[in-house]
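Have a look at the structure below, then the notes.
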Amino acid sequence: MTPFNYARAADVGEALALYQPGSRFIAGGTNLLDLMKENVVRPERLIDISRLPLREITVQDDDRVRIGALVSNADLAYDPLVQGRYPLLSQAILAGASPQLRNMATTGGNLLQRTRCYYFYDSTVPCNKREPGSGCPAREGLNRIHAIFGASDQCVATHPSDMCVALAALEATVEVQGPQGTRSIAFKDFHRLPGDQPERDNHLGEDELITAVQLPSEGFATHSHYLKIRDRASYAFALVSVAAALKLEGDRILEARLALGGVAHKPWRNPAVEAGLVGKAVSHETFAAAADALIQEARPLAGNAFKVKLARRAIVRALDEAVLGGQRP
Ligand SMILES: Cc1cc2nc3c(=O)[nH]c(=O)nc-3n(C[C@H](O)[C@H](O)[C@H](O)COP(=O)(O)OP(=O)(O)OC[C@H]3O[C@@H](n4cnc5c(N)ncnc54)[C@H](O)[C@@H]3O)c2cc1C
């Protein structure tokens, strides 16, 4: 590990004032410290934000729910309001990591966790995400866990979060504070596709802090389901995951949301497929047609064509479960 200096901030203003180029904010440390130990990230200064007063979950005047950036993944998943109103989010979080990790991991940190691409973590090999312009061995190498949607010649990595897949389906907003003031970023615009700048995972400035995530009041509590397919039953990242949420009137679909994880550089949605479900009757054929339409855009690599079939089946199953009300963990 390269030497670094350390400073602990008491509030958001102090954290922002302590920032200088080469600094990194540290929250739970469950991803950043691993990256530092592997020499993937070498910050000159760590700004500890774990004591900032951002641990509240509150209902706003407009009935939106505001989740402070330092609310732990465990506290968020088990919060009674979240379990009642946003079971999809609770389910997604509990499908990830382990109880110990969820106690440390924070809401802001989960959004900013880096890819699990093997080549990204191995600082002895090229990787455009780690060292821009050095190359992408995953394209022709081991690419079983890599992207089938939205990849570029330069990068085929996926975003590993479960929580973000649910937040994408729920159309959350990310609240950000930086030297220029505060701003809100719609979740669909927060993470980015790799393009020719794969080193950038999202549209957050390096000197900006996530202060909160906001959820619309509509939580699709009656008909939602998070399905995660992985190599082991626990403690493994998704090969494919699906957050499905429906609003129904009888068996007629009034609104549909579908977000996929483990398949792209960001949670993957296809608005046209979601719109195509509206007005249809709930049936296996309807869901299979939506899944077929969604996988049309898939561009698998040599080692991950299985993900296309897996995604198709997972979409149908997640929608079926959403109709039933889902099997809560
Ligand atoms: C073995 C293991 C298994 C895991 N399995 C899963 C899984 O199955 N599913 C899943 O979704 N996740 C999984 N995770 C990932 C885990 O959820 C993340 O590591 C965690 O959410 C990161 O949160 P953190 O607070 O520890 O972030 P940190 O490690 O502290 O920070 C991560 C990044 O976010 C930045 N950052 C943190 N907070 C802020 C903020 N408020 N504003 C600006 N920048 C910030 C840091 O600078 C850093 O770049 C796993 C992790 C491990 C180690």
Side-chain angles (χ1 to χ4, degrees), residues 4 6 9 11-12 15-16 18-19 22-38 40-55 67-77 89-116 121 129 145 158-168 174-178 182-183 185 190-191 199-213 226 228-241 243 259 261-262 267:
F4 57 87
Y6 169 90
D11 55 39
V12 171
L16 295 175
L18 282 166
Y19 183 88
S23 305
R24 287 290 175 121
F25 300 114
I26 183 163
T30 61
N31 189 216
L32 184 57
L33 290 179
D34 281 354
L35 292 166
M36 289 170 65
K37 285 187 255 177
E38 297 293 339
V40 175
V41 178
R42 295 180 291 276
E44 288 164 26
R45 167 179 285 182
L46 277 189
I47 304 166
D48 185 346
I49 57 168
S50 63
R51 311 289 168 94
L52 304 192
L54 301 172
R55 290 191 179 270
I67 303 156
L70 288 166
V71 172
S72 74
N73 289 182
D75 285 349
L76 183 56
L89 178 59
S90 184
Q91 231 182 345
I93 295 169
L94 295 177
S98 65
Q100 292 89 340
L101 280 161
R102 294 194 297 264
N103 282 336
M104 286 302 293
T106 64
T107 301
N110 193 302
L111 266 60
L112 298 173
Q113 63 176 297
R114 308 300 309 272
T115 182
R116 292 282 156 175
Y121 273 81
K129 186 177 271 303
I145 64 169
T158 58
H159 194 269
S161 169
D162 291 294
M163 187 173 97
C164 290
V165 184
L167 291 177
V174 185
E175 219 182 271
V176 167
Q177 201 167 322
T182 57
R183 64 186 179 118
I185 309 174
F190 184 78
H191 296 101
E199 70 278 13
R200 295 202 61 196
D201 293 349
N202 52 62
H203 292 287
L204 189 72
E206 291 209 336
D207 54 357
E208 287 184 311
L209 266 178
I210 297 177
T211 48
V213 169
Y226 186 73
K228 178 174 179 178
I229 313 280
R230 48 190 152 174
D231 283 324
R232 289 189 302 269
S234 76
Y235 207 40
F237 290 90
L239 290 167
V240 171
S241 69

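Remember, it's 1-based here, ligands and their atoms both numbered in the order they're listed. Here the structure is a predicted model, which means the values were calculated and not measured.
Against a heavy-atom cut-off of under 4.0 Å, Asp162 is close to the following atoms of ligand 1: 7 (C), 8 (O), 9 (N), 10 (C), 11 (O). Interface atoms of ligand 1 facing Leu32, defined by a heavy-atom separation under 4.0 Å, are 29 (O). Shown in contact with Asn73 at under 4.0 Å from a heavy atom are these atoms of ligand 1, numbered in order with element: 17 (O), 21 (O). Short contacts between ligand 1 and Arg24, defined as distances under 4.0 Å to a heavy atom of the residue, involve ligand atoms 49 (O). Taking every non-hydrogen atom of Thr30 and a distance limit under 4.0 Å, the qualifying atoms of ligand 1 come out as 18 (C), 19 (O), 20 (C), 22 (C), 23 (O), 24 (P), 26 (O), 29 (O), 53 (C). For ligand 1 and Gly96, the ligand atoms under 4.0 Å from any heavy atom of the residue are 7 (C), 8 (O), 9 (N). Near Asn31, meaning under 4.0 Å from any of its heavy atoms, are these atoms of ligand 1: 19 (O), 29 (O). Residue-ligand proximity, Tyr235 to ligand 1, at heavy-atom distances under 4.0 Å covers atoms 1 (C).
In terms of protein heavy atoms, atom 45 (C) of ligand 1 is closest to Leu112 CD1, 3.3 Å. Among all non-hydrogen protein atoms, the one lying nearest atom 50 (C) of ligand 1 is Phe237 CZ, 3.4 Å. Looking at atom 48 (C) of ligand 1, its nearest protein heavy atom turns out to be Phe25 O, 4.1 Å. Looking from atom 17 (O) of ligand 1 to the surrounding protein, the closest heavy atom is Asn110 ND2, 3.6 Å. Here the protein heavy atom with the shortest distance to atom 30 (O) of ligand 1 is Gly29 N, 2.7 Å. The protein non-hydrogen atom at the shortest distance from atom 7 (C) of ligand 1 is Ala97 N, 3.2 Å. The nearest heavy-atom contact from the protein to atom 15 (C) of ligand 1 is Gln113 OE1, 3.2 Å.
Below 3.5 Å of separation, one finds an N or O of Thr106 facing an N or O of ligand 1. Geometrically, ligand 1 and Ile26 share no nitrogen or oxygen pair separated by less than 3.5 Å. Here's the thing with Met163: none of its N/O atoms is less than 3.5 angstrom from an N/O atom of ligand 1. For ligand 1, the polar-atom distance check against Ala27 finds a nitrogen or oxygen pair separated by under 3.5 Å.
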Side chain to side chain contact (heavy atoms under 4.5 Å, CB included) evaluation trace for Met36 with Phe4: CA-CA 10 Å; Met36 289 170 65; Phe4 57 87; 3.5 Å; yes
Worked verdict on Asp201 versus Leu112 for side chain to side chain contact (heavy atoms under 4.5 Å, CB included): CA-CA 8 Å; Asp201 293 349; Leu112 298 173; over 6 Å; no
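Residues Gln91 and Asp162 fail the side-chain proximity criterion, which asks for heavy atoms closer than 4.5 Å. Taking 4.5 Å as the limit, some side-chain heavy atom of Leu76 sits within range of a side-chain heavy atom of Met163. Counting heavy atoms from C-beta on, the side chains of Asp48 and Phe25 never come closer than 4.5 Å. Within the 4.5 Å cutoff, side-chain heavy atoms of Leu167 are placed close to those of Leu89. Counting heavy atoms from C-beta on, the side chains of Ile145 and Asp231 never come closer than 4.5 Å. Between Arg51 and Leu70 there is no side-chain heavy-atom pair separated by less than 4.5 Å. Under the 4.5 Å side-chain criterion, counting only non-hydrogen atoms from C-beta, Phe190 is in contact with Ile210.
Between Arg116 and ligand 1 there is a heavy-atom distance shorter than 4.0 Å. A heavy-atom separation below 4.0 Å is found between Lys228 and ligand 1. Look at Ala236 and you'll find a heavy atom under 4.0 Å from some atom of ligand 1.
Side-chain N or O atoms of His191 include one that pairs as donor or acceptor with a backbone N or O of Leu111 at under 3.5 Å. In terms of modelled atom types and a separation under 3.5 Å, the side chain of Arg183 and the main chain of Gly178 share no donor-acceptor contact. Panel note: side chain Ser98, backbone Tyr235; no donor-acceptor pair is recorded below 3.5 Å.
Residue-level proximity to ligand 1 for Leu101 is carried by the side chain, the only part with a heavy atom below 4.0 angstrom. At a heavy-atom cutoff of 4.0 Å, ligand 1 is contacted by no atom of Glu206, backbone or side chain.
Here the shortest heavy-atom pairing between Pro43 and Leu46 reads CG-CD2, 3.9 Å.
For the 3.5 Å distance criterion, the side chains of Gln113 and Asn110 qualify, holding a donor opposite an acceptor.
Heavy-atom neighbours of Glu199 CD from other residues, nucleotides or ligands within 6.0 Å: above the threshold of 12.
Among Gly261, Gly178, Gly109, the residue whose heavy atom sits closest to atom 23 (O) of ligand 1 is Gly109. For atom 39 (C) of ligand 1, the candidate residues are Val165, Ile49, Val176, Ile210; the nearest heavy-atom contact is made by Ile49.
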